[in-house]
> 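Provided herewith is a single structure, encoded as structure tokens, for subsequent inquiry.
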Amino acid sequence: MKKGDHLFLVDGSGYIFRAYHALPPLNRKSDGLPTNAVLGFCNMVWKLMQDARNTDVGIVPTHFAVVFDYSSKTFRNELYADYKANRSAPPDDLIPQFGLIREATRAFNLPCIEMEGFEADDIIATYARLATEAEGDATIISSDKDLMQLVRPNVTMYDPMKDRQIGIPEVIEKWGVPPEKMIDLQAMMGDSVDNVPGVPGIGQKTAAQLLEQFGDLDTLLARAGEIKQEKRRQTIIENADKARVSRELVRLRDDVPLAEGLDELVLGNPDGPKLIGFLKAMEFSTLTRRVAEATGTDVAQVAPSSIAVDTTDVHGPDVGADGPPRRPATDGASATPAAAANTPAALAAVRARAAADAALDHSRYACIRHRAELEAWVAEAREAGVVSFRTETTSLEPMRAEPVGFALSLGPGRSAYVPVGHRSAAADLLGGGQVEGQITLDEALAALKPLLVDRSVLKVGHNLKYDWLMAHRLGVDVAPFDDTMLISYVLGAGTGRHDIAALAERWLGHPMIPFKDVVGSGRNLVTFDLVDIERATTYATEGADIALRLWSVLKPRLAAEGLVSVYERLERPLVPVLARMEERGVSVDRQMLSRLSGEFAQRAAALEEEVYAAAGERFTIGSPKQLGDILFGRMGLPGGTKTKSGQWSTTAQLLEELAAEGHELPRRIVDWRQLTKLKSTYTDALPEYINPETKRLHTSYALASTPTGRISSSEPNLQNIPIRTAEGRRIRTAFIAAPGNKLVSADYSQIELRVLAHIADIPQLTKAFADGVDIHAMTASEMFGVPVEGMPADVRRRAKAINFGIIYGISAFGLANQLSIERSEAGDYIKKYFERFPGIRDYMESRKQMARDKGYVETIFGRRIHYPEIKSSNPSVRAFNERASINAPIQGSAADIIRRAMIRMEDALASEKLSARMLLQVHDELIFEVAADEVAATLPVIKAVMEGSAMPAVALKVPLAVDARAADNWDEAH
DNA sequence: AGGTTGACATA
DNA sequence: GTATGTCAACCTT
């Protein structure tokens, strides 16, 4: 290099992030590979090279290099272990682009420079020094303030995105100091992004003013006593060491042992075909065309290059250091070292490794006690773009809970707790007392709300429905969000639990603090507001930290497994829908339940006496053990069977059979059991759940508790409200609409058999459903040759049992049990059924085979249900897994269908200006509360959404049918 | 006090 | 034969 030569130094790593964030997401059409940063990079480099040939611009590079960070670990970590420690991992869809951009650089025929142990900035500093010594000029293509210390008369910076030169005057204008004082300035200011400590309380303005006054940092520290402001003087003296460490962190090294000298950076002409090959492979059509024109290349003559990114080349800023995983993933799926770096699978592997390796240090968690501190965390979270969030409350039931605190996490070890509602038990006795050192709930919300509703910040949580509902009750609609519980559920339904502790153990090898250890148990149980703040901080911040780590591990696996759309379309959108349903609750008639309770109690008491009389002694009727001993032991009734634990079985079915033979006692027992069950589980228990504020019943829905995709309901369970018996139905009549409203019940007719007809593609079934005929009668007719007209009820009943049996993964044993027939007879039925419907047998075999081959079966929408024990050597375990794998696609597809309807329902109603509110879901039924005068307009909307909910994802071969009705109570509506 | 079992409510 | 949740009794700690 000689005088007059000009070196361009592109800060490749810096540019990657800027391009990524500045450009909208872009994916390669053929396979979805994310490429927005690659395109931004290519456009920028191409423009620079074109400008270089356009002498009008005045700057003509003769030398050119693109410089990258090798990894996030550099010599600075030895100076200061926490350097860049709070950097969050790059976004999922950016990571594969690191390797691609290096590849792009080579395609441009440009030197691609990186050096282990040094940052790109150090390499740039070294080249800048070399250029200066050779009396040449240098332009640094970057706008990073960390590089501004390098600006000299012959070294300028250029921001390609803003098309702006940064020379000495620009640095002074922006920072108030000349470039050579930037190091001292940054040493004092610190840098929250890189975790450079600086001097607390000294910002840019103060730092610049002090440098103006004292000249440089060493002089300032030596003469700090002269500073007039007392507080400032003190902090600077106290933090002199921090300032000195910070200076070493921000000072760029200009002595990097470079492999390539300046002469190896001479800019050559672009290799048209090579570059076009790359651009074609990336599917950048516009840029391909432009490059082709400029280089005189015939696009058609160039084949897309195969992008061969070094498969082990996963290094890059913050991706994590290379090396074998400290702990192999338990399921082996992420332990695929040969996976290409630019695939989601590789990303998942890298993430799993990094998350498991990052130490979990409870002492580093922060407790936020001042509004300003919280604001700083919020600002950092908004910068980071991803934050995990959780609420701590007084109750596991979100509708009874009061907020006690909030926890945030920005990255491993970077987690903070904001106590707002901690009380002291002692003070409570004296009239209740807030613990000192907390900001108010209102203050916390004022600071947090902008973050929680910020569309550009992803909120991560575990079982976020709970936190979403808490926030909603406080007037905050959290969005956008990810839920690690649901991600895990989509990835591994059927492979164990998805609670945060199980996942932390499984993916991070970390045993979490049990909630019980924090709040105690039994008589020592306290609500979270009475937990001391220290302990609460440790617990809550750990939860937030773990959730974010799990997110970084699990989220990329969705893409790797092709399950992103299942998560995004069937799972995540249901969170606010269910939260609102829980929040609305349902109205029940407390008096009616109370009257029923009294009535059941009287009748049960009367039966009790009759039982004692018949038995000849008093005993605990509710004890199956005592009852069995009396019935089959002392009284010697026939037909007794034993349960697996060796006790007499006293099931209702068995007692019914005895009753049919004329025995009095069993009949009374059955009746007594029914009445006491209804009383204890429903008429007594339900009123206890009525919320004193809303006067309504608020259930909790679990989204990840069934392997098939069904949701479950608990506390109270509103999915098992009685319907079969007349007595039971009286409980249903207590579920009522608010004044002026009706309850609407809309249920899918025979949805599982319809799904079966579709999946197994059974002509008779699809035709029957298309024709709207009685499906059980049709089955009976096919099997037993009996005409549908005038069919005996019992024949139809048997066919119905068989149809259900099929859905449950039929066995001769089970069918025989159900129909109280011999197992051989049941076996004959099944044989006959398969002769008539051979497609069903094929369906069953194919599901079992798929479960064996892949370990899972799937619904028509692609939800997977895993059966890891399908190959068990235990025949009954194996058979159970086989039946379940037959049932799961049917039950699961039906569950997906109603999920889709629920997700669409609220918008559909709103767009028709209807005020109907969805309250409950019972697997194939939705219950709404509808203003009486809107019922007529609402019914067809509900019906249309439900009947059309498989579309457009799946065109079913059978129609879906929905019966919808309105009434004053649930019994009449159903 | 906490866990297990048998029974039974639902789809 | 599938999928749940809750209760009372009973056993273990």
Side-chain angles (χ1 to χ4, degrees), chain A residues 493-494 516 520-525 619-628 642-655 669-670 672-682 684-686 688-689 699-702 705-725 727-729 731-732 747-753 756 801-819 823 826 830 844 847 865 867 876 879-892 894-895 898 920-925 974:
Chain A
K516 232 176 58 185
S521 67
R523 63 192 306 121
N524 299 318
L525 183 73
F619 66 103
T620 307
I621 306 176
S623 165
K625 183 178 169 0
Q626 294 184 35
L627 176 64
K642 298 281 183 82
T643 66
K644 61 173 181 272
S645 62
Q647 306 232 322
W648 292 109
S649 170
T650 64
T651 64
Q653 189 181 350
L654 203 145
L655 298 182
I669 300 287
V670 169
W672 180 90
R673 277 187 181 162
Q674 190 200 177
L675 288 168
T676 53
K677 174 76 177 176
L678 295 178
K679 180 172 184 291
S680 66
T681 309
Y682 303 103
D684 286 350
L686 288 177
E688 298 297 312
Y689 284 102
T699 185
S700 285
Y701 289 108
S705 74
T706 78
T708 55
R710 276 192 176 180
I711 61 178
S712 71
S713 157
S714 63
E715 292 179 302
N717 181 356
L718 297 185
Q719 289 180 323
N720 70 346
I721 301 304
I723 190 168
R724 287 198 230 270
T725 66
E727 301 299 355
R729 291 176 78 119
I731 291 164
R732 274 198 179 221
D747 69 309
Y748 284 106
S749 160
Q750 307 285 5
I751 188 167
E752 294 193 339
L753 278 176
L756 174 65
I802 293 167
N803 277 333
F804 275 99
I806 294 296
I807 290 169
Y808 299 152
I810 203 157
S811 76
F813 180 87
L815 183 62
N817 227 14
Q818 176 67 29
L819 289 176
R823 202 176 327 174
I830 294 168
M844 292 181 159
R847 290 324 107 142
I865 304 102
Y867 291 97
S876 70
F880 176 78
N881 278 273
E882 287 175 351
R883 290 192 298 271
S885 67
I886 289 165
N887 170 260
I890 304 169
Q891 188 185 118
I898 196 165
L920 302 176
Q921 190 252 39
V922 193
H923 308 310
D924 64 358
E925 175 188 14
H974 187 79

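Here the structure is a predicted model, which means the values were calculated and not measured. Just so it is clear: chains get the letters A, B, ... in the order the sequence lines come, proteins before strands, and each one is counted from 1.
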> Within the structure shown, what part of the strands sits under 4.0 Å from A/Ser680 by heavy-atom distance: base, sugar-phosphate, or nothing?
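The answer is sugar-phosphate, as A/Ser680 gets under 4.0 Å only of primed atoms, P, OP1 or OP2.
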> Just the rounded figure in Å: distance from C1' of B/dA11 to CZ of A/Phe804.
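That distance rounds to 8 Å.
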> Pick base, sugar-phosphate or nothing for A/Glu925, based on heavy-atom distances below 4.0 Å to the nucleic acid.
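Contact class for A/Glu925: none.
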> Using modelled atom types and a 3.5 Å cut-off, is there a donor and acceptor pairing between side-chain atoms of A/Ser623 and backbone atoms of A/Gln626?
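Between the backbone of A/Gln626 and the side chain of A/Ser623 there is a qualifying donor-acceptor contact (under 3.5 Å).
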> Evaluate the side-chain proximity of A/Leu655 to A/Arg673: yes if any heavy-atom separation is below 4.5 Å, no if none is.
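Yes; the side chains approach each other to less than 4.5 Å.
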> For A/Ile810, report the nucleic acid contact type (base, sugar-phosphate, nothing); a contact means any heavy atom under 4.0 Å.
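The residue A/Ile810 makes base contact.
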> Indicate, with a heavy-atom threshold strictly under 4.0 Å, whether A/Ala888 touches base, sugar-phosphate, or nothing.
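Counting heavy atoms under 4.0 Å across all strands, no contact is made by A/Ala888.
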> Whole Å only: how far is the OH atom of A/Tyr808 from the P atom of C/dT2?
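To the nearest whole Å, that distance equals 10 Å.
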> Below 4.5 Å, heavy atoms only, C-beta onward: do A/Gln719 and A/Thr699 meet side chain to side chain?
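Not touching, per the 4.5 Å side-chain cut-off.
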> Do A/Lys677 side-chain and C/dC7 base share a donor-acceptor contact under 3.5 Å?
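Under the 3.5 Å cut-off, the side chain and the base do not form any donor-acceptor pair.
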> Indicate whether OP1 or OP2 belonging to C/dC10 is found under 4.0 Å from a side-chain N or O atom of A/Gln626.
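Yes, because at least one side-chain N or O of A/Gln626 sits under 4.0 Å from OP1 or OP2 of C/dC10.
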> When all nucleic acid strands are considered with a 4.0 Å heavy-atom cut-off, which category describes A/Ile721: base, sugar-phosphate, or nothing?
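Sugar-phosphate, no base atom in range.
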> Starting at atom CH2 of A/Trp672, determine the distance to atom C1' of C/dC7, rounded to an integer number of angstrom.
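From A/Trp672 CH2 to C/dC7 C1': 11 Å.
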> Touch check for A/Ala702, heavy atoms < 4.0 angstrom, all strands: base, sugar-phosphate only, or nothing?
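Counting heavy atoms under 4.0 Å across all strands, no contact is made by A/Ala702.
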> A/Glu715 near the nucleic acid: base, sugar-phosphate alone, or nothing, with a heavy-atom cut-off under 4.0 Å?
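Sugar-phosphate, backbone atoms only, no base.
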> Please tell me if the side chains of A/Asn720 and A/Tyr682 come closer than 4.5 Å, counting only heavy atoms from C-beta onward.
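Contact flag for A/Asn720/A/Tyr682 side chains = yes.
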> A/Trp672: which residues meet the ring pair (Phe, Tyr, Trp, His ring centres under 6.0 Å) condition with it, sequence neighbours left out?
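Expected list: none.
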> Is A/Arg710 side chain donor-acceptor paired with the B/dA11 base, going by distance under 3.5 Å alone?
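It does, because a donor-acceptor pair links the side chain of A/Arg710 to the base of B/dA11 below 3.5 Å.
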> Is there a side-chain polar atom (N or O) of A/Ser623 under 4.0 Å from OP1 or OP2 of C/dA8?
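For C/dA8, OP1/OP2 do not have a side-chain N/O of A/Ser623 under 4.0 Å.
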> Under 4.0 Å between any heavy atoms, over every strand shown, what does A/Ile723 touch: base, sugar-phosphate, or nothing? Just pick one.
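The answer is sugar-phosphate, as A/Ile723 gets under 4.0 Å only of primed atoms, P, OP1 or OP2.
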> If you look at every strand shown and take non-hydrogen atoms under 4.0 Å, does A/Gly805 touch a base, only sugar-phosphate, or nothing?
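Base contact - A/Gly805 has a heavy atom under 4.0 Å of at least one base atom.
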> Categorize A/Phe880 for me: base, sugar-phosphate, or nothing, with a 4.0 angstrom heavy-atom threshold over every strand shown.
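Sugar-phosphate contact only - A/Phe880 comes under 4.0 Å of backbone atoms but never of a base.
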> Please tabulate the protein-to-nucleotide N/O contacts below 3.5 Å involving nucleotides 4-6 of chain B, giving atom names and distances.
from: B/dG6; atom 1: OP1; to: A/Thr643; atom 2: OG1; distance (Å): 3.0
from: B/dG6; atom 1: OP1; to: A/Ser645; atom 2: OG; distance (Å): 2.3

> Classify the nucleic acid contact of A/Ala801 as base, sugar-phosphate or nothing, counting any heavy atom under 4.0 Å across all strands shown.
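Counting heavy atoms under 4.0 Å across all strands, the contact made by A/Ala801 includes a base.
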> Would you please confirm or rule out a distance under 4.0 Å between OP1 or OP2 of C/dG5 and any side-chain N or O of A/Ser712?
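For C/dG5, OP1 or OP2 has a side-chain N or O of A/Ser712 closer than 4.0 Å.
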> Does A/Gln891 reach the side chain of A/Ile865, with side-chain heavy atoms less than 4.5 Å apart?
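A/Gln891 does not reach A/Ile865 side chain to side chain.
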> For C/dT4, does the base pair up with any side-chain atom of A/Gln719 as donor and acceptor (N or O, under 3.5 Å, distance only)?
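No such pair is found, so the answer is no.
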> Which pair of heavy atoms, one from A/Tyr701 and one from A/Gln921, lies closest together, and at what distance?
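In this case the closest contact between A/Tyr701 and A/Gln921 is OH-N, 3.1 Å.
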> Would you call A/Ile806 and A/Met844 a side-chain contact if the rule is heavy atoms closer than 4.5 Å?
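Counting from C-beta outward, A/Ile806 and A/Met844 do come under 4.5 Å.
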> Could you state the CG-C1' distance from A/Leu753 to B/dA11, rounded to the nearest angstrom?
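Roughly 13 Å, once rounded to whole Å.
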> Ignoring hydrogens, what is the shortest heavy-atom contact between A/Ala685 and A/Ser680? Give both atom names and the distance.
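Scanning both residues completely, I find the closest heavy atoms to be CB-O, 3.4 Å.
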> Quick one: is A/Thr706 getting a side-chain N or O under 4.0 Å of the C/dG5 phosphate, OP1 or OP2?
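Looking at the OP1 and OP2 atoms of C/dG5, neither is under 4.0 Å from any side-chain N or O of A/Thr706.
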> Send over the distance from A/Phe619 CZ to C/dC10 P, rounded to a whole Å.
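One finds 11 Å between P of C/dC10 and CZ of A/Phe619, rounded.
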> Quickly work out the A/Leu686 CG to C/dG5 C1' distance and round it to whole Å.
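To the nearest whole Å, that distance equals 13 Å.
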